[in-house]
Amino acid sequence: MWFDKLARAGFATKGLVYIIIGVLAVQTAFNAGGKTTDSEGAINTIAVQPFGKFLLILVAIGLAGYALWRFVQAAIDPEHQKQDAKSVFNRIGYAISGVIYAGLGLQALKIAVNAASVGSDGGNSTAHSTERVLAQPFGQWMIGVVGAIVIGMGFYQFYKAYSVKFRKQLDLSELTPAQANWAVQISRVGIVARGIVFAMIGFFLIQAAHHYNPSEAKGLDEALQAIAQQPFGKILLGLVALGLIAYGIYMNIEARYRRLPTASLSARSRLRV
């Protein structure tokens with residue numbers, strides 16, 4: 001089914017973005033060039049490679065596939081989660097994730113067709129967005145709530161890694177027990193690293209709300225920079241960066257082995273025709 005292939009391409013593309021972010025951060029930690037960056041920075045890095053614009057078109061398609069999968073999860077709950085408050089929260093999160101990755105895919109496509117510049121630095125985009133929200137009525141509370149939600153997402157990543165419930169979504173029957181164990185452990189490391197970054201971003205948002213100072217809001221790029229500025233920062237940055245690479249590998253494991261409910265989606269499509 002085309003949807004299955006597109007969704008799996010989406011997981012793989014998201015993994016590529018995280019791997020690029022992690023590799024650049026590792027290079028920074030070991031003084032081997034590189035830089036801390038975020039998803040948009042990873043897109044810009046792809047753009048300046050040989051055949052970069054062609055690669056960006058493939059990335060845009062992959063990110064569109066991932067966004068589509070998230071929208072499907074939000075709209076029709078293909079994996080049949082329990083209908084409770086947690087399910088509602090998850091589906092809202094899926095929709096937000098879909099919007100984010102659809103926007104990232106659109107940015108990649110714009111660069112590919114010369115509709116946007118490569119390497120343009122708009123500064124701390126998180127701070128800019130926070131400044132606009134803070135200017136609204138109850139904006140301070142809104143930013144604080146968003147920060148708390150992002151921290152909650154970070155701690156959920158820790159729980160996800162600890163409980164290993166994601167293992168149920170993977171069909172690793174093709175692998176030997178040792179290979180399957182490696183796949184699961186690498187995935188857990190990656191999920192923890194992503195949780196750390198989420199928790200930091202949420203903390204910075206709460207600080208920005210508390211002090212009414214949008215410059216204190218930080219995205220992924222600035223969170224990695226903040227890690228590097230701590231005691232033993234280079235070591236910590238290297239560890240988190242390796243974790244982000246592991247998360248990218250986890251996304252590729254999902255691309256290959258995740259159980260996608262394409263059969264039920266096909267049945268629903270036939271019923272609607």
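Residues take their numbers from the sequence shown, with the count starting at 1. As the structure is a prediction and not an experimental result, all values here were calculated from the model.
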Chemist: What closest approach, in Å, do Ser163 and Lys160 show between heavy atoms, and which atom pair accounts for it?
Modeler: OG-O, 3.5 Å
Chemist: Count the heavy atoms belonging to other residues, nucleotides or ligands that lie under 6.0 Å from CD of Gln207, then report whether that count exceeds 12.
Modeler: yes
Chemist: How long is the gap from CD on Gln230 to CG on Leu237, to the nearest 0.5 Å?
Modeler: 11.0 Å
Chemist: How long is the gap from CD on Gln169 to CG on Leu260, to the nearest 0.5 Å?
Modeler: 9.5 Å
Chemist: Would you say Tyr156 ends up clustered with Phe203 if hydrophobic residues are merged whenever their side chains have heavy atoms under 4.5 Å apart, either directly or through other cluster members?
Modeler: no
Chemist: Measure the shortest side-chain to side-chain distance between Ile21 and Leu224 over non-hydrogen atoms and say whether it is less than 4.5 angstrom.
Modeler: yes
Chemist: Do the non-hydrogen side-chain atoms of Thr130 and Glu216 ever get within less than 4.5 Å of each other?
Modeler: no
Chemist: With a 3.5 Å distance limit and no angle check, can you tell me whether Arg70 reaches the backbone of Ala95 through a side-chain donor-acceptor pair?
Modeler: no
Chemist: Can you list the steps and then say if Val59 with Ile111 is a side chain to side chain contact (heavy atoms under 4.5 Å, CB included)?
Modeler: CA-CA 11 Å; Val59 167; Ile111 295 175; over 6 Å; no
Chemist: Please determine whether residues Leu239 and Tyr250 belong to a single hydrophobic cluster, defined as Ile, Leu, Val, Met, Phe, Trp and Tyr linked transitively by side-chain heavy-atom distances below 4.5 Å.
Modeler: no
Chemist: Do Tyr257 and Leu175 pass the side chain to side chain contact (heavy atoms under 4.5 Å, CB included) test, and can you show the C-alpha distance, the side-chain angles, and the key distance before you say yes or no?
Modeler: CA-CA 10 Å; Tyr257 298 109; Leu175 304 179; 3.3 Å; yes
Chemist: Between the main-chain N or O of Lys168 and the side-chain N or O of Arg259, is there a donor-acceptor pair closer than 3.5 Å?
Modeler: yes
Chemist: Give a yes or no on whether the backbone of Arg132 and the side-chain of Gln136 come within a donor-acceptor separation of less than 3.5 Å.
Modeler: yes
Chemist: So, taking the atom named CD in Gln73 and the one named CG in Leu68, what distance separates them when rounded to the nearest 0.5 Å?
Modeler: 10.5 Å
Chemist: Heavy atoms only: give me the nearest Ala223-Phe204 pair and the separation to one decimal.
Modeler: CA-CE1, 4.1 Å
Chemist: What pairs of residues pass the ring-ring contact (aromatic ring centres under 6.0 Å, His included) test when at least one of them lies in residues 206-229, not counting sequence neighbours?
Modeler: none
Chemist: Hydrophobic clusters here meaning ILVMFWY residues chained together by side-chain heavy-atom distances under 4.5 Å, can you tell me if Val189 and Val192 are in one?
Modeler: no
Chemist: For a quick test of your reading: what N or O donor-acceptor pairs under 3.5 Å do the side chains of residues 137-148 make, sequence neighbours left out?
Modeler:
{"residue": "Gln140", "atom": "NE2", "partner": "Ala209", "partner atom": "O", "Å": "2.5"}

Chemist: On a heavy-atom basis, which atom in Gly98 and which in Ala67 lie closest, and how many Å separate them?
Modeler: O-CB, 3.4 Å
Chemist: Please name the pair of heavy atoms, one in Ala217 and one in Ala208, separated by the smallest distance, quoted to 0.1 Å.
Modeler: N-CB, 3.7 Å
Chemist: Do Tyr94 and Ile92 have side chains that get closer than 4.5 Å, going by heavy atoms?
Modeler: no
Chemist: Indicate yes or no: at least one non-hydrogen side-chain atom of Leu16 is less than 4.5 angstrom from one of Ile46.
Modeler: yes
Chemist: With a 4.5 Å cut-off on side-chain heavy atoms, are Arg256 and Phe11 touching?
Modeler: no
Chemist: Say whether Ile186 and Met251 are linked into one hydrophobic cluster, either directly or through other cluster members, by side-chain heavy-atom distances under 4.5 angstrom.
Modeler: yes
Chemist: Indicate if Trp69 and Val99 have the same hydrophobic cluster label, given that clusters are the connected sets of ILVMFWY residues with side-chain heavy-atom separations under 4.5 angstrom.
Modeler: no
Chemist: So does Ala75 get a backbone contact from the side chain of Arg91, meaning a donor-acceptor N/O pair under 3.5 Å?
Modeler: yes
Chemist: How long is the span from the CD1 atom in Ile57 to the CG atom in Leu109, to the nearest 0.5 Å?
Modeler: 7.0 Å
Chemist: For Asp221, check side chain to side chain donor-acceptor pair (under 3.5 Å) against everything at least two apart and list the hits.
Modeler: Thr36, Gln225
Chemist: What closest approach, in Å, do Gly248 and Ile19 show between heavy atoms, and which atom pair accounts for it?
Modeler: CA-CG1, 3.8 Å
Chemist: Can you name the nearest heavy-atom pair linking Ala255 to Ala12, along with the distance?
Modeler: CB-N, 3.7 Å
Chemist: For the atom pair OG1 (Thr45) and CG (Leu24), what is the distance rounded to the nearest 0.5 Å?
Modeler: 5.0 Å
Chemist: Checking Ser187 side chain against Ala183 main chain: does a donor-acceptor pair fall under 3.5 Å?
Modeler: yes
Chemist: Kindly give the cluster partners of Leu106, where membership spreads through any ILVMFWY side chain lying under 4.5 Å from a current member.
Modeler: none
Chemist: Determine, step by step, whether Ile191 and Gln157 satisfy the side chain to side chain contact (heavy atoms under 4.5 Å, CB included) criterion, reporting the C-alpha distance in whole Å, the side-chain angles of both residues, the deciding distance to 0.1 Å, and the verdict.
Modeler: CA-CA 6 Å; Ile191 293 168; Gln157 299 298 306; 3.5 Å; yes
Chemist: Apply side chain to side chain contact (heavy atoms under 4.5 Å, CB included) to Asn44 and Thr37, showing your working.
Modeler: CA-CA 10 Å; Asn44 287 331; Thr37 190; over 6 Å; no
Chemist: Arg188: what forms a salt bridge (Lys or Arg N to Asp or Glu O under 4.0 Å) with it, not counting sequence neighbours?
Modeler: none
Chemist: Taking atom NZ as the centre, does Lys234 end up with more than 12 heavy-atom neighbours from other residues, nucleotides or ligands that are less than 6.0 angstrom away?
Modeler: yes
Chemist: If you round to the nearest 0.5 Å, how far is CZ of Phe158 from CZ of Phe198?
Modeler: 10.5 Å
Chemist: Can you run down the side chain to side chain donor-acceptor pair (under 3.5 Å) pairs that involve residues 10-29, sequence neighbours left out, and say none if there aren't any?
Modeler: Lys14-Tyr66, Lys14-Tyr247, Tyr18-Arg194
